[in-house]
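One structure is given here, and the rest of the page talks about it.
Each chain gets a letter, A, B and so on, in the order its sequence line appears, and its residues count up from 1. Everything numeric here is computed off the predicted structure, so don't read it as measured data.
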Number of protein chains: 2
Amino acid sequence: MVEEQIIQLLRKSQLSVTDSRRKILEIFIQAGSALAHHDVEEKTSERYDRVTVYRTLQTFMEKGIIHTIPTTDNSIKYALCKEDCAEGHHHDNHIHFVCEICGAITCMDEIHVPTINLPEGYHANQINMVVNGICKNCKA
Amino acid sequence: MVEEQIIQLLRKSQLSVTDSRRKILEIFIQAGSALAHHDVEEKTSERYDRVTVYRTLQTFMEKGIIHTIPTTDNSIKYALCKEDCAEGHHHDNHIHFVCEICGAITCMDEIHVPTINLPEGYHANQINMVVNGICKNCKA
DNA sequence: GCCAATTTTGCAACTTTGTTGCAAATGATA
DNA sequence: TATCATTTGCAACAAAGTTGCAAAATTGGC
C-alpha cells in the first residue's frame with residue numbers, strides 16, 4: 001500500500017511523519033513526473049501554507065528524497081529520487097526529458113549520461129543532460 | 001573595433017541602436033562567460049532602469065543574440081550566441097561548463113553533444129548538457 | 001540638420017516568488 | 001498522557017519579474 005511506503009520513506013530519512021509531508025509525497029508519487037513548487041502549492045493550498053510547502057521541499061532535498069531538474073526555461077522542477085539517492089549525494093546522473101507539448105518531465109533512468117572528454121585542466125563532478133522534444137503520449 | 005561590431009550586430013538583428021543595448025552587449029562581450037540578470041543589472045544600475053534590463057535581455061533572446069543556460073541551481077544565466085544562431089532557432093547544442101569554485105560559466109563550442117538513443121516513441125528536438133566541476137583557472 | 005513617426009526608456013504600481021522570526025500546534029518518546 | 005523537540009501558520013518582509021503609460025530617444029525622409 002502506498003500510504004505505508006510513504007511512512008517508511010519518511011522514517012528511513014529520519015523525518016517525523018506529518019500530514020503535510022505525507023500529502024506532498026503522495027502528490028509526487030501520483031504525478032509520476034517532475035513538479036514545480038507552484039504545482040505542489042496548487043494541489044495543497046487549501047490545507048497547507050505556502051511556507052510549509054517551501055520548507056517541506058527543502059527538507060526533502062536535504063534528505064535526498066527529491067532532486068531538482070535544470071530546465072531551459074529555468075523554472076525549478078522537483079522530482080522523486082531513486083532508491084540509491086543518499087543524503088547529500090544524488091545519483092541523478094540520468095537524462096531528463098521535457099515534453100514540449102504536455103510539459104511533462106520524465107526521468108529516463110535506463111539511459112545513462114555518456115562520458116565526454118573535457119579540455120585540459122577541466123574536471124567534471126556532475127553532468128546534467130536535459131532533452132527537449134515530444135514524448136510518447138503526445139506523438140500524433 | 002568592438003564598438004563597431006556591436007552596432008553591426010544590432011543592425012543585423014533589426015534593432016535600433018540605443019545606449020542601453022550597446023552597453024549591455026558590451027558587458028556580455030567583456031564578461032566572456034554567462035551572466036545572470038542580476039549581474040547585468042549591477043553593472044548598469046547607475047544608468048539604466050531594472051525594467052530596461054529585463055526588456056533588453058528579452059529582446060536579445062527573441063533576436064537570437066543571447067540564449068539561456070539551464071543551471072543546477074536554476075538561476076537564469078544568459079550567454080552570447082554564436083554566429084549561426086538565427087532568430088527563434090538556436091544552435092546552442094554545445095556543452096556548458098559551470099565552475100563550482102569561481103562560478104564562471106563557459107560555453108565549450110569545441111565539444112559537441114553526443115547523440116543518444118531515446119526509448120521508442122520519443123523524439124528529441126534540443127539537447128542541453130551542463131557540466132559542473134572545476135575549471136582550468138581554479139585547478140590548484 | 002530638422003521634423004514627424006515609431007520605438008525605447010523610466011517611473012510607478014503591481015504580482016509572483018522566496019525568506020525569516022516567532023508563537024501555537026503537532027509529533028515522538030518515555 | 002506528559003514532556004520535549006520539531007513542525008506549522010502567520011505576518012512581515014525581500015527579491016524577482018511584469019504591465020501601462022507618458023516622456024525621451026532613434027530612425028528615416030526631406
* To do: Look at the rings of A:Y54 and A:H37 and say which category their plane angle falls in: under 30° parallel, 30 to 60° tilted, over 60° perpendicular.
  => parallel
* Structure fact -> By nearest-nucleotide position on DNA chain C, the 5'-leaning member of B:T59 and A:S16 is B:T59
* To do: Anything under 4.0 Å to a heavy atom of chain A counts; send over the first and last such nucleotide of DNA chain D, read 5' to 3'.
  => D:dT6 to D:dA11
* Structure fact -> Closest heavy-atom pair, B:I69 versus B:A79, reported as atoms and distance to 0.1 Å, is CD1-CB, 3.8 Å
* Measure from CD1 on A:I76 to C1' on C:dT16 and round the result to the nearest Å. => 13 Å
* Quickly work out the A:L57 CG to C:dT17 C1' distance and round it to whole Å. => 13 Å
* Asked: Looking only at atom types and distance, does a side-chain atom of B:R47 sit under 3.5 Å from a main-chain N or O of B:S20, one as donor and one as acceptor?
  -> no
* Identify, with sequence neighbours excluded, every residue that meets ring-ring contact (aromatic ring centres under 6.0 Å, His included) alongside A:Y78. => none
* Between the axis at one end of the helix from C:dG1-D:dC30 to C:dA30-D:dT1 and the axis at the other (five pairs apiece), what's the angle to 10 degrees? -> 40°
* **Phosphate OP1/OP2 of C:dT17 contacted by A:H38 side-chain N/O (<4.0 Å)** => yes
* **Separation of C:dT26 P from A:R55 CZ (nearest whole Å)** => 16 Å
* Would one find more than 12 heavy atoms of other residues, nucleotides or ligands at under 6.0 Å from atom CD of B:E120? -> no
* Check B:M129 against A:I127 and note the closest heavy-atom contact, atom names and distance. => CE-CG2, 3.6 Å
* Structure fact -> note: A:L10, atom CG; C:dG27, atom P; distance rounded to Å ~ 12 Å
* Asked: At under 4.0 Å, does any side-chain N or O of B:T18 touch on OP1 or OP2 of C:dT7?
  -> no
* To do: Begin from the C-alpha positions of A:N125 and A:H123 and carry the test side chain to side chain donor-acceptor pair (under 3.5 Å) through to its verdict.
  => CA-CA 7 Å; A:N125 284 332; A:H123 175 72; 3.2 Å; yes
* Structure fact -> Separation of C:dT7 atom C1' from B:Q58 atom CD, nearest Å, is 15 Å
* Asked: Can you name the closest pair of heavy atoms from B:L57 and B:I66 and give their distance?
  -> O-CD1, 3.6 Å
* Structure fact -> B:R50 atom CZ is separated from C:dC14 atom P, nearest whole Å, by 15 Å
* Between C1' of C:dG27 and CZ of A:R11, the distance in whole Å -> 10 Å
* Starting at the 5' end of DNA chain D, which residue's closest nucleotide do you reach first, B:D19 or B:V51? -> B:V51
* Distance from B:D19 atom CG to B:I24 atom CD1, nearest 0.5 Å? -> 11.0 Å
